[in-house]
Amino acid sequence: MRLLKSEKITVKDFIRMKEEGEKITMISAYTYPIAKIIDEIGIDSILVGDSLGMNILGHENTLNVTLEDSIRHTQAVAKGTNRALIIGDMPFLSFGVSVEEETKNAGRLIQEGNCEAVKLEGGEERIEDIQAIKSIGIPVLGHIGLTPTYVNMFGGYKVQGRKTEDEERLLKDAKLLEDAGVFGMVLEAIPWKLGKKITEEISVPTIGIGAGEYCDGQVLVIDDLIGLSDIVKPKFVKKYVNTQEIIRKAVKSYMEDVKESSFPSEEYRYD
Ligand code: KIV
């Protein structure tokens, strides 16, 4: 059953939550069943992140994710979601080539993916793009700090903003994004003091992932949070359960049952 429009979390709720000091919860997730579970328990927002490249498609990084991949998984998440704000992620090459193409790609994520907002990585160099996307009615979530589509420029997945000049650049980027009209921004892998400073100096909410506890909200990737992924974990990941271990045990028991002919027993057969 679809909710009334008034019950759906919107970008306006993000701003209100910051003003009222209510923390925003966000999870990066990519599939219908997971979306359904986390929406039903009341997550505020689901980002269909391009980390789907590693966690679902088995790629080494996010650079192989295409706009079609992003649209397909955003559709799946939208089908399982009633209440949470759904944000589609703009993958590598879907932005940065030309403003026209980028605006159209953002539009496709909304129209075909059925999300309500898009996320775009980058700072000062993305201002014109953000304004163009926003001008056709698409809310944009910014993303600065360790932005994975720039991994080859960073020389790996490294904490950003440690040097004074980088700290100043990130603070400037955050303010420029705010002026360009983003409804919030992800701060990834930066020192907590910088996360706090940016959060205090801008009016839109910051969503931290490895940016400390002072951000207005937090995002984690579902596969990391439930211990399903075996990609090397950064310091900021908290694993709440070891799903790999649960799956291993279940499948091992099933295999033993089949080998010993104890499955299927009478209750699992037809008369
Ligand atoms: O792709 C993703 O899942 C993300 C989050 C980690 C912010 O960008």
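Just so you know, these numbers come straight off a predicted model, no measurement behind them. As the structure lists them, so they are numbered: ligands from 1, and atoms in each ligand from 1.
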Worksheet item: Which atoms of ligand 1 are found less than 4.0 Å from any heavy atom of Gly49?
Response: 1 (O), 2 (C), 3 (O)
Item to complete: Please report the C-alpha distance between Leu146 and Lys158 in whole Å, then the side-chain angles of each, then the deciding distance to 0.1 Å, and finally whether the side-chain contact (heavy atoms from CB on, under 4.5 Å) criterion is met.
Response: CA-CA 7 Å; Leu146 174 54; Lys158 297 176 181 160; 5.8 Å; no
Worksheet entry | Electrostatic pair Glu101-Lys104, nearest N-O below 4.0 angstrom | no
Item to complete: Could you tell me whether Lys249 and Glu245 make a salt bridge, using a distance below 4.0 angstrom between a side-chain N and a carboxylate O?
Response: no
Worksheet entry | Closest to atom 3 (O) of ligand 1 (judged by heavy-atom distance), picking from Ser51, Gly210, Pro91 | Ser51
Fill in: Tyr30-ligand 1 polar pair, N/O distance under 3.5 Å
no
Worksheet item: Just distances here: any N/O of Ser28 and N/O of ligand 1 closer than 3.5 Å?
Response: yes
Practice prompt. Under 4.0 Å, heavy atoms only, figure out whether ligand 1 is touched by the backbone of Thr62, its side chain, both or neither.
Written response: neither
Worksheet item: Cut-off 3.5 Å, side chains only: do Tyr214 and Thr206 have a donor facing an acceptor?
Response: no
Worksheet item: Any idea which protein heavy atom is nearest atom 7 (C) of ligand 1, and the distance to it?
Response: Leu47 CD2, 3.7 Å
Worksheet item: Can you check whether Lys23 reaches Asp216 side chain to side chain, under 4.5 Å on heavy atoms?
Response: no
Practice prompt. Would you mind checking if Glu116 and Lys8 are paired as a salt bridge, meaning a charged N to carboxylate O distance below 4.0 Å?
Written response: yes
Worksheet item: Checking Gln218 side chain against Gly212 main chain: does a donor-acceptor pair fall under 3.5 Å?
Response: yes
Discussion item. Check for me whether His143 has a heavy atom closer than 4.0 Å to any atom of ligand 1.
Written reply: yes
Practice prompt. Around atom 6 (C) of ligand 1, find the nearest protein heavy atom and jot down its residue, atom name and distance.
Written response: Ile209 CD1, 3.6 Å
Fill in: Lys119: numbered ligand 1 atoms lying under 4.0 Å from its heavy atoms
8 (O)
